[in-house]
Amino acid sequence: MTPLSINIIGSGSMGHLWTAYLLDKQVNVRLYARQHQPNQQFTMQSPNRRFTCNITHHALTNWQTADFIIICVKATALEALCRELKNIGHAHPPIVLMMNGMGIIEIAQHYLPETVVYQASTSHGARLENTNLLHTGQGETLIGEISTLNQDEHQAARQAAQNRGLITPLLDQLNRALPQTSWNTEHHQALWTKLLINSIINPLTAIYNVQNGDLIGNKEINQQAKRLTQQLAPVIQQYLPLQSWQSIFEKVEYVANQTYTNVSSMRQDILMGRMTEIDFISGYLLEMAAKQQIVLPEHQQIVKQIKKLEKESEHSHNSVTL
Ligand code: PAF
């Protein structure tokens with residue numbers, strides 16, 4: 001049997017996390033980044049052990065096909081990347097999208113209609129500090145598909161079984177490298193749950209410039225998080241009928257506690273003067289709510305605040321570099 005080959009695209013903390021753990025298991029993995037960077041030694045500090053690995057950043061112009069592709073770029077960079085992948089020209093193997101937000105499968109399918117696309121939801125925490133990779137939170141990774149949602153029941157079941165079979169070798173490999181990784185039959189629910197959690201933790205930590213744990217530790221922020229979650233009650237009833245706003249709030253507090261000292265990805269983006277994923281998190285949520293005539297005033301307010309912060313931080317970063 002020929003060994004599996006995997007292309008990972010995105011040189012942020014998630015891309016490096018998976019590359020390092022897969023390399024450690026001698027998997028044939030190539031990491032693609034914006035710019036080529038020759039072999040460099042990275043040190044992985046995982047909760048249980050420390051190891052080193054050599055990682056090369058390959059440019060997309062040096063693309064080599066593989067059995068699977070994992071995309072770990074930000075949702076904001078996905079469209080441009082899919083256009084590049086389309087230009088690379090050959091038929092692509094199955095793709096797993098590993099990033100925050102929703103509405104992203106649609107983008108990939110639009111540009112790469114012949115490719116099977118999955119979306120993963122992961123709760124691993126990671127931070128990249130130069131060549132130090134910190135695995136800050138042991139989580140789990142769920143992969144499933146939601147592209148069969150609009151088909152009739154039988155067609156959807158057949159398609160899901162086929163797609164599950166297609167991805168099994170990758171699931172096995174990922175699970176060996178970084179457990180727990182598994183197939184999720186209720187994936188739509190998992191993605192919605194993560195979306196709701198991100199819609200509370202990410203903007204609040206960015207707006208108040210605090211670590212995730214302050215959603216529990218700071219009384220006022222905690223009250224606002226609770227209010228924002230309560231406001232989602234009609235959306236939850238519509239899109240996640242097995243949950244309640246209280247159960248989602250418990251999950252928000254659980255994740256904030258598990259990732260207590262983490263700098264959320266949205267806060268990181270603001271601090272670095274980058275565009276945030278707000279359109280793919282709260283923006284998507286507002287869009288889905290509007291479809292059901294549900295208005296979420298405090299979430300609308302939050303989106304405005306983040307957009308304002310994006311502009312201010314972009315401006316201050318530009319003035320530093322000029
Ligand atoms: O986007 C993030 O930062 C993460 O999804 C989470 C779970 C909020 C932890 O920081």
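Residue numbers run from 1 in the order of the sequence given. Scope of the values below: all heavy atoms of this structure, side chains included, with no hydrogens, waters or symmetry mates. If you're wondering where the values come from, they're calculated on a predicted model, not measured in any experiment.
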Please check if the number of heavy atoms outside [X] that lie under 6.0 Å from its [atom1] is greater than 12.
| X | atom1 | value |
| --- | --- | --- |
| F51 | CZ | yes |
| Q37 | CD | yes |
| E129 | CD | yes |
| N130 | CG | no |
| E220 | CD | no |
| R34 | CZ | no |

Nearest 0.5 angstrom please: [X] [atom1] to [Y] [atom2], how far?
| X | Y | atom1 | atom2 | result |
| --- | --- | --- | --- | --- |
| Q300 | S282 | CD | OG | 11.0 Å |
| T19 | L31 | OG1 | CG | 4.0 Å |
| C82 | N87 | SG | CG | 11.5 Å |
| N7 | L60 | CG | CG | 9.5 Å |
| L240 | L195 | CG | CG | 9.0 Å |
| L170 | I143 | CG | CD1 | 5.5 Å |

Do the side chains of [Y] and [X] get nearer than 4.5 Å, heavy atoms only?
| X | Y | result |
| --- | --- | --- |
| S264 | N212 | yes |
| K74 | S265 | yes |
| I278 | E310 | yes |
| P234 | Q292 | no |
| L171 | Y118 | no |
| K304 | K307 | no |
| R176 | V27 | no |
| L232 | L285 | yes |

So, the side chain of [X] versus the backbone of [Y]: is there a donor-acceptor pair under 3.5 Å, distance only?
| X | Y | answer |
| --- | --- | --- |
| T136 | G125 | yes |
| N28 | L4 | no |
| R50 | T43 | no |
| N184 | E186 | yes |
| Y239 | M288 | yes |
| E253 | I216 | no |
| S313 | L271 | no |
| T115 | V117 | no |
| H92 | L85 | yes |
| Q119 | I104 | no |

Between Y111 and E79: side-chain donor-acceptor atoms closer than 3.5 Å
yes

Going by distance alone, is a donor N or O of one side chain under 3.5 Å from an acceptor N or O of the other, for Q224 and Y208?
yes

Can you see which heavy atom on [X] is nearest to which on [Y], and at what distance?
| X | Y | value |
| --- | --- | --- |
| K194 | S121 | CD-OG, 3.4 Å |
| I270 | A206 | CG1-CB, 4.1 Å |
| Q41 | T131 | O-CB, 3.5 Å |
| L215 | A256 | CB-CB, 4.0 Å |
| G165 | P169 | O-CD, 3.8 Å |
| L133 | A20 | CD1-CB, 3.9 Å |

Using side-chain contact (heavy atoms from CB on, under 4.5 Å), reason through T76 and D269 one step at a time and then give a plain yes or no.
CA-CA 11 Å; T76 44; D269 287 337; over 6 Å; no

Parallel, tilted or perpendicular: which describes the rings of [X] and [Y], with under 30° parallel and over 60° perpendicular?
| X | Y | answer |
| --- | --- | --- |
| H124 | W18 | perpendicular |
| H135 | Y21 | perpendicular |
| Y32 | W63 | tilted |

Following the transitive rule for hydrophobic clusters with a side-chain heavy-atom cut-off under 4.5 Å over Ile, Leu, Val, Met, Phe, Trp and Tyr, establish whether [X] and [Y] coincide in one cluster.
| X | Y | result |
| --- | --- | --- |
| L112 | M102 | yes |
| I221 | I281 | yes |
| F249 | Y260 | no |
| L166 | V96 | yes |
| L78 | M275 | no |

Ion pair present between K291 and E287, side-chain N to carboxylate O less than 4.0 angstrom?
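Here K291 does not pair with E287 in a salt bridge, since their nearest N and O are not under 4.0 Å apart.
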
Does the pair S182 and N175 meet the rule for a side-chain contact (heavy atoms from CB on, under 4.5 Å), with working shown?
CA-CA 7 Å; S182 54; N175 192 41; over 6 Å; no

Stepwise, does the side-chain contact (heavy atoms from CB on, under 4.5 Å) test hold for Q231 with W245?
CA-CA 8 Å; Q231 198 171 93; W245 76 264; over 6 Å; no

Could you check L228 against L204 for side-chain contact (heavy atoms from CB on, under 4.5 Å), going step by step and ending with a plain yes or no?
CA-CA 10 Å; L228 282 165; L204 287 182; 3.9 Å; yes

